[in-house]
Amino acid sequence: MIDIFKDKTKLAEAFCEELLLLSANRDKVFLALSGGSTPKIVFQTLVKDYKSKINWNKIHLFWGDERCVPPDDEESNFGMTKKFLLDSISIPEENIHRIRGENNPDAEAKRYSEEIVKYVPLKKGIPSFDIVMLGIGEDGHTASIFPNQMQLLNSDNFCEVAVHPQSGQKRVTLTGRVINNAKEVIFLVTGKNKSQIIKKILVKKSRKFPAEFIQPVEGNLKYFIDSEASELLGKE
């Protein structure tokens, strides 16, 4: 399903409504977050309009990926979430399951896999999140699965260590099998700089980019796209 919104504020509101509806109908909600600028707007909207509407005791927060930096580093996905969401809502500390970016990457990928299995229900032996929030990079990467590391889509492990192709920075990421076992995957895509990659993925279907291989086995796949990112859809 592809939903196009006039701006990123409307897009953020739509995601918040999805979470509100889910939390109203479930005893527990297992949500994997992404980093980047678009989730920041979602977090700000949650704080502004939804912090008293959602029962945060039900929500268990995980991350789809994390840079291997301490939580107070400006590049930390957890740090961004803490600043724009966690510091402003009443969520139990035990419901926050962060990737410890300051740890040894290989050891942390193993530890985080074990933590996911401890909390997230399994389906056919693989963790099944209620929602996985994802972004798309201009190079077509999603989570921290980059085009030169396509093997992470099919890894038998639930988490792996990825390496940013330009900076060499290590990251811990969910693998494709876990993402594709979610009940719902929602791509949040905003900005004119994403219009080319969105066209390549949704129109040309080149099968070159990791994001193209995200297709939940039994769940729903949704693209929430703002008008700027969607401007090349329908054009030759």
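Quick caveat, the model's predicted, so the values are computed rather than measured. Because only heavy atoms are used, hydrogens play no part in the values below, and waters and symmetry mates are left out as well, while side chains stay in. By convention here, the first residue in the shown sequence is residue 1.
Remark: the backbone N or O of Q215 is paired with a side-chain donor or acceptor of N180 at under 3.5 angstrom. Looking at N181, its side chain does come within 3.5 Å of a backbone N or O of K123 through a donor-acceptor pair. Remark: side-chain polar atoms of E212 are paired, donor with acceptor, to backbone N or O of R207 under 3.5 angstrom. Under a 3.5 Å cut-off, the side chain of E108 and the backbone N or O of N103 do not form any donor-acceptor pair. When atom types are taken as modelled, the side chain of S76 and the backbone of D73 share no donor-acceptor pair closer than 3.5 angstrom. In terms of modelled atom types and a separation under 3.5 Å, the side chain of D130 and the main chain of E184 share no donor-acceptor contact. A donor-acceptor distance shorter than 3.5 angstrom exists from the side chain of T173 to the backbone of S144, with no hydrogens or angles considered. Judged purely by atom type and a 3.5 angstrom limit, K58 uses its side chain to pair as donor or acceptor with the backbone of R26. Although no hydrogens or angles enter the test, the distance criterion places no donor-acceptor pair under 3.5 Å between the side chain of N220 and the main chain of V185. Judged by distance alone, the side chain of H164 and the main-chain N or O of S167 form a donor-acceptor pair under 3.5 Å.
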Practice prompt. Evaluate side chain to side chain contact (heavy atoms under 4.5 Å, CB included) for I225 paired with I2, printing each intermediate quantity in order.
Written response: CA-CA 7 Å; I225 309 172; I2 301 170; 3.9 Å; yes
Discussion item. Working note: F129 + L174, criterion side chain to side chain contact (heavy atoms under 4.5 Å, CB included); need CA distance, chi angles, decisive distance, verdict.
Written reply: CA-CA 11 Å; F129 284 94; L174 295 182; 4.1 Å; yes
Discussion item. What verdict does the ring pair (Phe, Tyr, Trp, His ring centres under 6.0 Å) test give for F30 and Y119, after you've listed the backbone C-alpha separation in whole Å, the side-chain angles of each residue and the deciding distance to 0.1 Å?
Written reply: CA-CA 8 Å; F30 299 94; Y119 290 95; 7.7 Å; no
Item to complete: Please report the C-alpha distance between Q169 and V69 in whole Å, then the side-chain angles of each, then the deciding distance to 0.1 Å, and finally whether the side chain to side chain contact (heavy atoms under 4.5 Å, CB included) criterion is met.
Response: CA-CA 9 Å; Q169 181 190 60; V69 296; 3.9 Å; yes
Discussion item. Show, in sequence, the C-alpha distance, side-chain angles and deciding distance for W63 and T81, and conclude whether the side chain to side chain donor-acceptor pair (under 3.5 Å) test is met.
Written reply: CA-CA 10 Å; W63 277 260; T81 310; 3.3 Å; yes
Item to complete: Decide yes or no on side chain to side chain contact (heavy atoms under 4.5 Å, CB included) for V47 and F84, but give the supporting numbers first.
Response: CA-CA 8 Å; V47 169; F84 289 97; over 6 Å; no
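Cluster annotation: L21 and M1 are assigned to distinct hydrophobic clusters (Ile/Leu/Val/Met/Phe/Trp/Tyr, side-chain heavy-atom contacts under 4.5 Å, transitive). A single hydrophobic cluster is not seen to contain both V217 and I145; linkage of ILVMFWY side chains at heavy-atom distances under 4.5 Å, directly or through other members, places them apart. Under the 4.5 Å side-chain contact rule for hydrophobic residues, L221 and L19 share a cluster. Under the 4.5 Å side-chain contact rule for hydrophobic residues, I41 and L61 do not share a cluster. Put simply, F62 and V161 are part of two different groups of oily side chains (I, L, V, M, F, W, Y) that touch within less than 4.5 Å, one to the next.
Within 6.0 Å of atom NZ in K222, more than 12 heavy atoms from other residues, nucleotides or ligands are found, so the atom counts as buried in its surroundings. Heavy atoms of other residues, nucleotides or ligands lying less than 6.0 angstrom from CG of D27 number 12 at most.
Between the CD1 atom in I197 and the CG atom in L232 there is a gap of 11.5 Å [rounded to 0.5 Å]. To the nearest 0.5 Å, atoms CD1 (I201) and CD1 (I214) are separated by 10.0 Å. Atom OG of S90 sits about 10.5 Å away from atom CG of N55, to the nearest 0.5 Å. Interatomic distance, CD of E228 versus OG1 of T190, reported as 8.0 Å (0.5 Å rounding). D226 contributes atom CG, which lies 12.5 Å from atom CG of D3 (distance to the nearest 0.5 angstrom). In this structure, the separation between OH on Y50 and OG1 on T45 is 8.0 Å, given to the nearest 0.5 Å.
Contact detail for S34 and G135: the closest heavy-atom pair is OG-N, 4.1 Å. Of all heavy-atom pairs between I136 and G140, the closest is CG2-CA, 4.1 Å. In terms of heavy atoms, G36 sits closest to M80 at O-CE, 3.3 Å. Heavy atoms only, all atoms of each residue included: S227 and S230 are closest at O-OG, 3.1 Å. Contact between I179 and A143 at its shortest, heavy atoms only, is CD1-CB, 4.2 Å. Across K51 and W56, no two heavy atoms sit closer than the pair O-NE1, 3.0 Å.
Taking the charged nitrogens against the carboxylate oxygens, K124 and E218 do have a contact shorter than 4.0 Å, which makes a salt bridge. Salt-bridge annotation for E138 and K194: absent, with no side-chain N of the basic residue lying under 4.0 Å from a carboxylate O of the acidic one. K82 and D87 are joined by a salt bridge, as a carboxylate oxygen and a charged side-chain nitrogen come within less than 4.0 angstrom of each other.
Among V29, I59, I91, the single residue meeting the side chain to side chain contact (heavy atoms under 4.5 Å, CB included) criterion with I54 is I59. Checking F187, F15, F5 one by one against F224, the ring pair (Phe, Tyr, Trp, His ring centres under 6.0 Å) holds for a single residue, F5. Only one option out of R111, K118, K110 pairs with E114 in a salt bridge (Lys or Arg N to Asp or Glu O under 4.0 Å); it is K110.
Looking at heavy atoms from C-beta onward, L134 lies out of side-chain contact with L188 at the 4.5 angstrom threshold. Counting only heavy atoms from C-beta outward, the side chains of I96 and L86 approach each other to under 4.5 Å. Residues R67 and N77 are in side-chain contact: their nearest non-hydrogen atoms beyond the backbone lie under 4.5 Å apart. When side chains are defined from C-beta on, V203 counts as touching L233, because their heavy atoms get closer than 4.5 Å. Between K192 and E231 there is a side-chain heavy-atom pair separated by less than 4.5 Å. The shortest side-chain heavy-atom distance between P39 and M133 falls under the 4.5 Å cut-off. Here the side chains of I186 and V132 are not in contact, with every heavy-atom distance at 4.5 Å or above. A 4.5 Å side-chain heavy-atom check between D49 and C16 finds every atom pair outside the cut-off.
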Please report, to 0.1 Å, the donor-acceptor pairs under 3.5 Å made by any side chain of residues 146-160, with sequence neighbours excluded.
| from | atom 1 | to | atom 2 | distance (Å) |
| --- | --- | --- | --- | --- |
| Q149 | OE1 | V163 | N | 3.0 |
| Q149 | NE2 | V163 | O | 2.6 |
| S155 | OG | N157 | N | 3.0 |
| S155 | OG | E160 | OE2 | 2.5 |
| N157 | ND2 | E160 | OE2 | 3.0 |

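A cation-pi arrangement is absent between K40 and F43 under the rule of less than 6.0 angstrom and at most 45 degrees off the ring axis.
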